[in-house]
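Values below: every heavy atom of this structure, side chains too, minus hydrogens, waters and symmetry copies. Letters A, B, ... are given to chains in the order of the sequence lines, protein chains preceding strands, and every chain is numbered from 1.
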Amino acid sequence: MLDLRLIRERPDEVQRALADKGGTELIPEILARDVERRRLLKEVEDLKAQRNVASEAIGRAKKAGQDAAAEQARMREVGDRIKALDAALKAIDEAIEALLVQVPNVPHPSVPPGKSDEENVEVRRWGTPRRFEFKPKPHEDVGGALGLLDMDRAAKLAKSRFAVMWGPLARLERAIAQFMLDVQTREHGYTELWLPHLVNADTMLRTGQLPKFEEQLFKTVEADEGRTLYLIPTSEVPLSALHGGEVLPESTLPRKYTALTPCYRREAGTYGKDMKGIFRNHQFDKVELVKLTTPARGYEELESMVGDAEDVLQRLELPYRVVERCAGDVGFSAAKGYDIEVWLPGQDRYREISSCSSYADFGGRRADIRYKPEGGGKPDFVHTLNGSGLAVGRTLIAVLENCQNADGTVSIPAALRPYVGGLERLASSR
RNA sequence: GGAGAGGUGGCCGAGUCGGCCGAAGGCAGCCGCCUGCUAAGCGGUUACAGGGCCAAAAGCUCUGUCCAGGGUUCGAAUCCCUGCCUCUCCGCCA
C-alpha cells in the first residue's frame, strides 16, 4: 500500500512512476475522497472537542448540585450528529482504503522501463548448459521412465497437478529441501522458522493476498463454522505477517528469516500451461527467504538475497541466468525484482526457479511493521524483501533434466549426496 | 468438551458506587546535577496514529487509542453485549 500522504503531496510524480504498471486512473478519485475525508474529520473533531468541554462542565455542575438538564439535552443532539458523521467518516475511510490497496507500488528509479516480461533485462549468466550426446528428456519422462514420478496415481488420489514420488525420488526431494535450509541458515545467516500452513483472513489481507488473489487460494471450512482459514500459497505469507503491528528496534535489523513449507495454489486460469510433470502443481515445497530491513539498506539487501539464492544453484552446479524485471513485470507490490532462471535441457530454455523482490515500504505499511531508529526519532516502516531460496520442486526438475544419463539414470549432484545416504544416482527401483 | 479467572503504557502494576485518567506508583530508558571510580542520591523527561494552524521545520492545538467491535450515557479504562486471546482445574486425545 502506498502512503496516502505521498499521493496527496506529489500526485504527478506517482502518476508518472506508475505509467508502466497501471493504477494511475485511481489517483484522482483517491485525491477527491481524501479532501472530503479531511473536511468531515475536521467537522467531527470540532464537535467532539465541544462535547468534551461541555461534558466536563456538566460533571462539575452536577457535583455542585446544580441542574444541567438543558445542557445535557443539547449535548445529546451533538452526540447524534457525531454518531452520523463518524459513520460517514468510516465509510469514506473504507472507500479510500479499498482504492489504495488497488494502487501498485511505484518502481525504484533503477528499474528498466517496459510493459511485459519481454522487456526484462538479463543481468548475468552462470554456468554453461551441458552438451548432450543424446536428446535430453523432460523431467516427467525421466522420472516416469524410472517409475519414480507417478502422476497417474496422484490424479487418482487428488486431481491433476498433483504428484506422487517414490522411494529415492521422494528422498531426493527431501534432501534438496534440507540442503537448501542448511545453506541459508549456516552459510547466509537466516533464522529458520516452522510455521502454520493455514492462516486466517487477516493474515492474507496483511500480505496482500486478499482480496486480490482469492481465486488462487485454497480455503478450508472449520468443523465448528469458525473463521475461514486459508492454505498458504507460499511461506512468504506467514513469514512477512509475522511481525505485523510491531515496532522493531533498529539494532535487531535486518531480520533474515527462512522457512520450508508446502505451498498450495489453485493455479486458476493456467489451463493447458505447463501441464506435464511437477512444474506447475497445486502443491509444492519451497524454501523461502524474507528480510526486514531499514530503508537505507533495502536495496543492497536485495542484491545479497539474490546472491543467497544463486549460491544454491552454484553448489548444485546447475546453470542459470539472472533477469531483472522491467517496470511492467515487476509485480504489483514490488519496487524492484530479479528472477533467477535455471536451465532446463528438457525444455531447451531457462525457466524461473526463484524470484526475489523488494517491496520497499509498501509491504511494511500494509502489514504495519515499523522499526524504531537507533538514535531516537519516529518509528518508520521497514523495507520488506522476499525471495525463493529456492523452489524445491523446480530444483528437482532441474536435477532430473540436467543430470540425466543416456541409460535413463540420473546422477545426483555431489552437494546432495550427504543428504541421500551417499547415493550417487537415481535408478529404477521396481 | 465442562468449570472458573483475566486481558491497562517498553516491563511490573493501581485504578474507589462512570466525570478533571493518556491513565497513580515502581522498574527500565534518556538529559542534566552531584560524585576520586562504581553504586546510591537529586531534578527533569520518555507512547502511537490522524487532523488543523504554519511555505516548511520547529512549535502550538484538536481528535482518537487502557485486546477488538458494537451498545448505554451529556460523559466509559471503569457498566452491558459479541468476538479474539491468555491462564487455572477437570475430561478426552495424537
Side-chain angles (χ1 to χ4, degrees), chain A residues 1-13 30-100 194 196-206 220 222-230 238 241-253 361 364-382:
Chain A
M1 186 161 71
L2 283 182
D3 187 358
L4 179 57
R5 222 172 316 190
L6 176 73
I7 296 175
R8 181 152 75 215
E9 284 164 13
R10 302 205 291 264
D12 299 339
E13 218 170 288
I30 290 173
L31 289 172
R33 299 273 188 150
D34 178 50
V35 169
E36 173 68 4
R37 172 181 171 271
R38 279 180 294 154
R39 192 187 65 75
L40 273 174
L41 191 61
K42 176 100 174 71
E43 190 179 346
V44 73
E45 284 187 350
D46 286 348
L47 285 176
K48 282 179 179 172
Q50 212 182 98
R51 180 177 69 181
N52 288 344
V53 172
S55 290
E56 204 180 312
I58 291 168
R60 250 185 282 111
K62 286 205 156 183
K63 200 160 272 181
Q66 295 164 347
D67 176 63
E71 191 64 358
Q72 282 185 37
R74 199 169 73 79
M75 281 307 114
R76 194 168 312 146
E77 277 169 36
V78 171
D80 289 343
R81 179 102 183 98
I82 288 173
K83 200 171 282 186
L85 288 172
D86 268 340
L89 198 57
K90 192 179 171 188
I92 205 163
D93 274 341
E94 284 167 1
I96 290 174
E97 167 96 7
L99 289 167
L100 214 47
W194 187 90
H197 299 172
L198 293 165
V199 300
N200 59 37
D202 186 54
T203 298
M204 287 297 186
L205 284 166
R206 279 177 181 278
T220 66
E222 275 191 289
D224 60 355
E225 294 181 18
R227 291 175 308 165
T228 303
L229 293 175
Y230 297 83
L242 187 69
H243 289 295
E246 298 182 22
V247 180
L248 307 168
E250 182 178 349
S251 59
T252 68
L253 301 179
D361 59 355
R365 184 173 299 104
R366 178 143 189 183
D368 188 23
I369 306 170
R370 291 173 296 165
Y371 73 97
K372 181 89 177 159
E374 198 84 26
K378 290 276 178 199
D380 195 9
F381 292 108
V382 297

Nearest-Å distance once atom P is located in both B:rA56 and B:rC66: 32 Å

Base paired to B:rC89 (Watson-Crick or G-U; both N/O distances under 3.5 angstrom): B:rG2

Side-chain donor/acceptor of A:Arg365 to backbone N/O of A:Met1, under 3.5 Å: yes

Distance-only donor-acceptor check, side chains A:Asn200 and A:Thr203, under 3.5 Å: yes

CZ/A:Arg10: more than 12 non-hydrogen atoms of other groups inside 6.0 Å: no

Distance between C1' atoms of B:rC12 and B:rC90 (Å, rounded): 32 Å

B:rA39 versus B:rG25 - spacing of their P atoms, nearest Å: 25 Å

Nearest-Å distance once atom C1' is located in both B:rU63 and B:rG75: 16 Å

Where protein sits on nucleotides 69-77 of chain B, one letter per nucleotide: B base, S sugar-phosphate only, - none, heavy atoms under 4.0 Å: -S-S-BS--

Pair assignment for B:rC53, Watson-Crick or G-U wobble, requiring both distances under 3.5 Å: B:rG59

I'd like a table of atom pairs between the protein and nucleotides 45-52 of chain B - only N or O on both sides, under 3.5 Å - with the distance next to each one.
unit_1	atom_1	unit_2	atom_2	d
B:rC48	OP1	A:Lys372	NZ	3.3
B:rC48	O3'	A:Arg370	NH1	2.9
B:rA49	OP1	A:Arg370	NH1	3.2
B:rG50	OP1	A:Arg5	NH2	3.1
B:rG50	O2'	A:Arg37	NH2	3.1
B:rG50	N2	A:Glu45	OE1	3.2
B:rG50	N2	A:Glu45	OE2	3.1
B:rG51	OP1	A:Arg8	NH1	3.3
B:rG51	OP1	A:Arg8	NH2	2.7
B:rG52	OP1	A:Arg38	NH1	3.4

Nucleotide forming a Watson-Crick or wobble pair with B:rG18, both distances under 3.5 Å: none

Separation between the C1' atoms of B:rU8 and B:rA76, rounded to whole Å: 14 Å

Watson-Crick or G-U counterpart of B:rG41, or none if no pair lies under 3.5 Å: B:rC33

